[in-house]
Amino acid sequence: MTMSDRQPVLGRRGFLQGATAGVVGAAALGATAADAARADAPDAPPASGSGRVIPFEGPHQAGILTPPQAAASFVSFDVVAPDRAALRELFAVLTDRVRRLTAGGAVPATDLASAPTDSGTLGPVLPADGLTVTVGVGASLFDDQRFGLGARRPARLTAMPVFPDDDMAHSAELHGDISLQLCADSRDTVTHALRDITRHTRGAIQARWKIDGTHAAPRPSGAPRNHLGFKDGIANPDTTDPAVTDALVWTHAGHGGSGAEPAWTEGGSYQVIRIIRMLVEFWDRVSLDEQERMIGRRRDSGAPLDRSAETDTPAYAADPQGLYVPMNAHIRLANPRTGATAAQQILRRGYNYERGLDTDGNLDLGLIFCCYQQDVSRQFATVQSRLAGEPLVDYISPTGGGYFFALPGVTGPHDTLASGLLADF
Amino acid sequence: MSARPRFRRPLLAGALALAVAGGALGFAFASGGSPAAAGAALAVSVDKHACGAPPARLPAGPVAFEVTDAAPTFVTVYLTDPTGARAYAEIRWLGPRHSLPLTGSLAAGRYALRCVFSDGPVVVSPGLVVTGTAPDTEPGYRPMTSTDLEQPVLAYRAWVQAALPGLQSAVRTLDGDVARGDLSAARNDWLPAHLAYERLGAAYNSFGDFDDAIDGRPDGLQGGVDDPGWTGFLAVEHGLWHGAPAARLRSLTQKLVADVTGLIADFPSEDTDSEDLPLRAHEILENGLQFQLTGQEDQGSGTTLATLDANVQGTQEVLSLLAPLLRERDPGLVAGVDAGLTALRGQLAATHPAAGPWPAAASLDRATRERLDGTLGGLLEQLARIPNLLAARNAA
Ligand code: HEM
């Protein structure tokens, strides 16, 4: 089947039937760049939303260096598509959907014989609304005989190990073949995108777990606060400095000596997702002084305990006994700020979550911890191990998550996600 | 099953309104812009013998008409080729002095607007020539008339009719077990009887109130599973697997036999709406996903996967009757759906040894459940096309 044979309705026929086509044309639903241009024309109804368009194409995926948008969903999927050809088709469809959704534009007309091309939850003109969809792959995708990808596994990609303070024995929210991090300037844009993507990939991937997050507004300024009342997201590597992101965030082909990264991983990044419940009722019964010494920062201002402003850098060398910032404070363990630990820094991109109650009627509030890094074992796993047994662990409960590898970016209109991973078979 | 959702779609097939003849349509046109860009509309006035007067030429791509019914009667408006052999877009029901958009995306070719007034007249506009190329244009479909469905509906009713005696003898066996007080035999004989009914899944709408009595769920009843008004297969199941005494069960199985017998007597006089058959082709398995694969309908026997398998068989039967009509309109669809149905049955069969019991839906391991969910979900996306594809478009 060639592109011109493809009818617009094919995209609506369920995934597997579309799998007979080698190419995903600009046929299915959603908005092409031209639609987007038309949507901006004076006679077109205006798109709602923030008006932000975050470019989809680039050497790296969007949603990693992108400052956190207001709303997010993290969704893990398993691939149920039967073989590598279907996997390739899946990534082509995924690329097409993400490209269209992040561009925004008028919803295409509905074919006479089909259900509407779009759920309609964002109205007739899709707003780009700062949407990013970041796609990762889990170790299980490389695990078995399914797709024959074993030799292409990113060198540091494993299933997320169990850490000593974890509460994951009965978790239903662990691991997965594919992760989607969807972020946008408003909640309904995130939900719309997810619904569109699952519809177009039905029969190829099946959702495994999902958690929704919110990026709070600054109270009153600076970094937003997490459910413990502390500003979160203050200290992070400088994402505007390519030398820093090259050294800490992006994976490079051939790096890593004996266990060298395969060529296709260039420009990708390891993604760690941890669902960490916060026992807020317990936390609220703890004195402010104790709270602050656990974190290592003032609750009100966010300043390190040895300084006065949120953006001040703690000077641990001048406080070798931890008289200001205790040696076991969260921020001091997480980043001792020494030469030896500099390469262990991670790019945190977390969201607060809130969902219902536990069996005791306590609030299920927490952090969707998400971080990106060049090397998950050198960075996240090392930091996490250093945090083992920190005083904060009594007030938090990690209940799920996974390790994924965020794919390299889509570099042009004919490129697709995972093109490198699936090249030359 | 009680409270089964009745998925509503507009029923226009037989809509023959009574009002006076004739009519005029006012059209406003927009082209080359997004379908939503009605702001660029070009108004065209028409007289009562013309179904609008669209521009003679338009560029390929999205078109949007704002159609006003200036006639005193309701009208259905189609965008077709000049002969009406293919329909591309439609307004299913437009009232006098009301306006609705008619949108589509057209490839190069010749087109016309076709107005089918509710009181009979069919009026076609002058031709409209589309030139150039555009992405995402619509292929159009061969419109169907309501009489096209008569034959499949007759065949379907004959199939149900032929299956009902088997259902009757299966519920009699079940009732006999309970009458003897042999509840262990009853637990064995319950499933074949239930499946004999579930295989007819397509029929629940044609069975009227009998379906509630024969296969109702407790969810919509004040007393839930303890509600004295709950009867049928699921009530019997609940009793058999929750230690109900034989005497209580007997009243339920006797009622079941009576209701099935009543159904058999009644069925010949119950109508089957022709639009129901295409709807069922899609919706039997929507219910299968919602109630069976989830295990929600399980009343203790843990056999909802067997029920789902019976629902797949029912869908296969309906599909086989509709296949000729579908093939004429969308050749690939039947093959895709057939493959999906076969794959689903294969995956269901693989959940248990050939002669062994079905596993409860709740006990499926994650990988098996995900595969079943994926296969059924993908199938439903395809089946969803059938009702619209086979909607009656009389005189289009
Ligand atoms: C619910 C669990 C957690 C809470 C409540 C929490 C809270 C905080 C807070 C309040 C800060 C200070 C503000 C800031 O610099 O952003 C912080 C910093 C930090 N946290 Fe966490 N955190 C949690 C989990 C983790 C985990 C799992 C890791 C990594 C394994 C981690 C690594 C870091 C790092 C690297 C910093 C920055 C330290 C610095 O550079 O000064 N945190 N965290």
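Computed from heavy atoms alone, side chains included, the values below leave out hydrogens, waters and symmetry copies. Here is the naming used below: chain letters follow the sequence lines, and residue numbers restart at 1 for every chain.
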**Per-residue contact mode, A:Thr198 against chain B (heavy atom under 4.5 angstrom)** = neither
**Asked** Going by an N to O cut-off under 4.0 Å, is there a salt bridge joining A:Asp177 and A:Arg146?
**Response** yes
**Request:** Would you check if B:Leu293 and B:Leu305 make a side-chain contact, meaning some heavy-atom pair closer than 4.5 Å?
**Result:** yes
**Request:** Pick one of side chain, backbone, both or neither for B:Arg369, based on which atoms fall under 4.5 Å of a heavy atom in chain A.
**Result:** neither
**Under 3.5 Å: donor-acceptor pair, side chain of A:Asp129, backbone of A:Leu131** = no
**Item:** B:Ala89 portion near chain A, given a 4.5 angstrom heavy-atom threshold
**Value:** backbone
**Structural part of B:Arg329 lying under 4.5 Å from a heavy atom of chain A** = neither
**Fill in**
The residue among A:Thr121, A:Leu182, A:Leu122 that forms side-chain contact (heavy atoms from CB on, under 4.5 Å) with A:Thr189 is A:Leu122
**Asked** When the ring planes of B:Tyr111 and B:Tyr88 are compared, do they come out parallel, tilted or perpendicular, using 30° and 60° as the limits?
**Response** perpendicular
**Message:** For the interface with chain B, which of A:Ile205, A:Thr110, A:Leu112 has the highest count of heavy-atom pairs at distances below 4.5 Å?
**Reply:** A:Leu112
